[in-house]
Amino acid sequence: MVANMTDTLVDIQNLKVYFPIRGGLIPRVAGYVKAVDDVTLNIDKGEVFGLVGESGSGKTTLARALLRLVEPNSGHILFDGVDLLKIGKGSLKHLRKDMQVVFQNPFLSLNPRMIVRNQIAEPLTAHTKMSEAEITQRASELLKLVGLSDEHLWKYSIELSGGQAQRVCIARALALSPKLVILDEPTSSLDVSVQAQILNLLEDLQKRLGLTYLLITHDLGVVEYIADRVAVMYLGKIAEVGTFSEIFQDPAHPYTEALLSAVPKVDPAPTDKARIILRGNIPSPASPPTGCRFHTRCQKYIGDICRDVEPNLTTLSATRKVACHLYKP
């Protein structure tokens with residue numbers, strides 16, 4: 001399935017990722033965890049797309065499905081016009097060089113028994129026919145690109161600081177000049193001062209190399225710093241999508257309002273809105289609420305329609321959509 005050539009790099013349509021729950025003496029499927037449930041969104045070439053939400057909302061599962069590290073149950077994932085769910089392993093391996101990922105914990109991403117040079121060499125060995133000397137030269141160039149020197153080529157990951165290790169992971173992700181880089185909580189395991197350095201690096205690389213980022217995070221401060229557009233995810237569903245300014249200056253969905261109210265402020269103004277305390281806990285994705293999935297905790301609950309009818313994404317503008325019964329098509 002090939003789409004028309006546009007400025008869209010990733011086009012996700014009606015994606016569902018369910019995990020079976022097995023139990024009993026004779027293992028059988030007793031239900032499903034609906035980690036990603038009918039999600040539709042797109043990422044344009046050259047933009048930083050932020051995906052935010054609480055832990056358990058389905059952000060990382062969505063990214064893993066995009067990389068086909070988990071197999072979706074249904075839907076379409078078009079990457080640069082090619083439906084990733086309709087191609088074989090050979091074609092998928094060829095496209096994998098265009099999709100790279102930087103994980104949350106760099107020390108779990110790196111092999112402690114391998115020197116940095118060999119870790120950066122792995123994607124080059126798998127996807128190119130470069131000689132050992134060319135690989136060493138490329139690794140050296142990549143380390144300099146991320147702010148490290150040649151001396152780090154011959155070190156093991158346990159000899160690196162957290163920030164240095166994450167820079168190595170970024171260098172490895174850039175080795176094959178990918179079109180899309182997925183950043184899965186890339187700064188959450190780092191010290192605050194180092195977080196700022198890594199964010200500055202990622203922003204600089206994005207502009208210099210024309211990269212497209214999918215930034216997954218629960219930290220709205222990170223999104224505010226680097227993202228162009230933002231999608232808010234709750235319990236496997238997209239609650240709201242919009243540009244950075246639309247989401248942060250005038251949130252439409254009650255869940256987005258609650259998330260933004262929880263962001264700490266150094267010098268709060270008297271006119272700032274009061275903190276919104278959500279009632280209860282996030283429900284289980286194995287048995288999500290009927291209707292709007294947020295209605296059990298919503299501060300703007302308006303009755304039976306919230307409980308019984310699932311809202312669709314309503315278009316508010318050319319760049320903005322919201323899934324809430326407060327807004328009618």
Side-chain angles (χ1 to χ4, degrees), residues 10 12 14-19 33-43 47-67 70 72 75 101-104 182-189 213-244 246-248 250-264 275-289 291-300 310-314 320-324:
V10 178
I12 299 174
N14 307 112
L15 188 68
K16 294 183 179 181
V17 183
Y18 294 176
F19 297 108
V33 174
K34 300 179 179 180
V36 177
D37 196 8
D38 200 23
V39 166
T40 296
L41 57 83
N42 67 280
I43 303 171
E47 79 168 337
V48 180
F49 189 93
L51 186 61
V52 302
E54 293 174 277
S55 296
S57 60
K59 309 183 299 296
T60 296
T61 302
L62 178 62
R64 288 172 62 85
L66 171 56
L67 295 168
V70 297
V101 60
V102 177
F103 292 104
Q104 176 177 349
I182 296 175
L183 305 169
D184 190 358
E185 303 275 8
T187 61
S188 63
S189 65
Y213 287 159
L214 170 58
L215 173 64
I216 299 169
T217 183
H218 64 274
D219 188 339
L220 293 174
V222 172
V223 172
E224 182 179 7
Y225 187 82
I226 196 174
D228 299 312
R229 284 195 302 140
V230 182
V232 180
M233 199 166 181
Y234 181 80
L235 211 61
K237 294 278 191 180
I238 297 297
E240 184 172 359
V241 182
T243 64
F244 157 76
E246 289 171 337
I247 297 292
F248 280 78
D250 184 27
H253 198 281
Y255 179 58
T256 310
E257 289 185 29
L259 288 179
L260 290 173
S261 77
V263 177
R275 169 74 189 276
I276 298 173
I277 306 296
L278 296 179
R279 58 192 180 189
N281 299 314
I282 185 169
S284 169
S287 55
C292 175
R293 294 193 173 180
F294 187 59
H295 84 263
T296 58
R297 306 172 73 195
C298 185
Q299 68 276 17
K300 294 185 177 180
E310 182 177 323
N312 296 317
L313 278 171
T314 300
R320 194 173 196 189
K321 295 182 179 180
V322 60
C324 182

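Excluded from the calculations below are hydrogen atoms, water molecules and symmetry mates; all remaining heavy atoms, backbone and side chain alike, are included.
Formation of a donor-acceptor pair under 3.5 Å by the R293 side chain with backbone atoms of E310 is not found in this model. With hydrogens and angles disregarded, a donor-acceptor distance shorter than 3.5 Å links the side chain of H253 to the backbone of A323.
For T296, there are no side-chain hydrogen bond (donor to acceptor under 3.5 Å, both in side chains) partners, not counting sequence neighbours. Remark: T61 pairs with no residue by the side-chain hydrogen bond (donor to acceptor under 3.5 Å, both in side chains) rule, at least two apart or across chains. Residues satisfying the side-chain hydrogen bond (donor to acceptor under 3.5 Å, both in side chains) test with T40, not counting sequence neighbours, are none. For the salt bridge (charged side-chain N to carboxylate O under 4.0 Å, His left out) test, no residue two or more places apart in sequence or in another chain qualifies with R64. With sequence neighbours left out, K59 forms a salt bridge (charged side-chain N to carboxylate O under 4.0 Å, His left out) with no residue at all. Under the salt bridge (charged side-chain N to carboxylate O under 4.0 Å, His left out) criterion, E54 pairs with R297, sequence neighbours left out. Residues satisfying the side-chain hydrogen bond (donor to acceptor under 3.5 Å, both in side chains) criterion with D219, sequence neighbours excluded, are absent altogether. Applying the ring pair (Phe, Tyr, Trp, His ring centres under 6.0 Å) test to F248 and every residue at least two apart in sequence or in another chain returns F244. For K321, the side-chain contact (heavy atoms from CB on, under 4.5 Å) partners at least two apart in sequence or on another chain are L313, T315. A search for salt bridge (charged side-chain N to carboxylate O under 4.0 Å, His left out) contacts involving E224 returns nothing, not counting sequence neighbours. Scanning for ring pair (Phe, Tyr, Trp, His ring centres under 6.0 Å) contacts around F49 gives an empty result, with sequence neighbours left out. Applying the ring pair (Phe, Tyr, Trp, His ring centres under 6.0 Å) test to Y234 and every residue at least two apart in sequence or in another chain returns Y255, F294.
In terms of heavy-atom proximity, S188 sits nearest to H218 at CB-CE1, 4.4 Å.
A salt bridge links E257 and K300; the closest N-O separation between the charged side-chain nitrogens and carboxylate oxygens is under 4.0 Å.
Taken to the nearest 0.5 Å, the CG atom of L15 stands 8.5 Å off from the CG atom of L41.
When only modelled atom types and interatomic distance are considered, T256 and E240 share a side-chain donor-acceptor pair under 3.5 Å.
With a 4.5 Å cut-off on side-chain heavy atoms, V52 and L220 count as touching. Between D38 and K237 the shortest side-chain heavy-atom distance falls below 4.5 Å.
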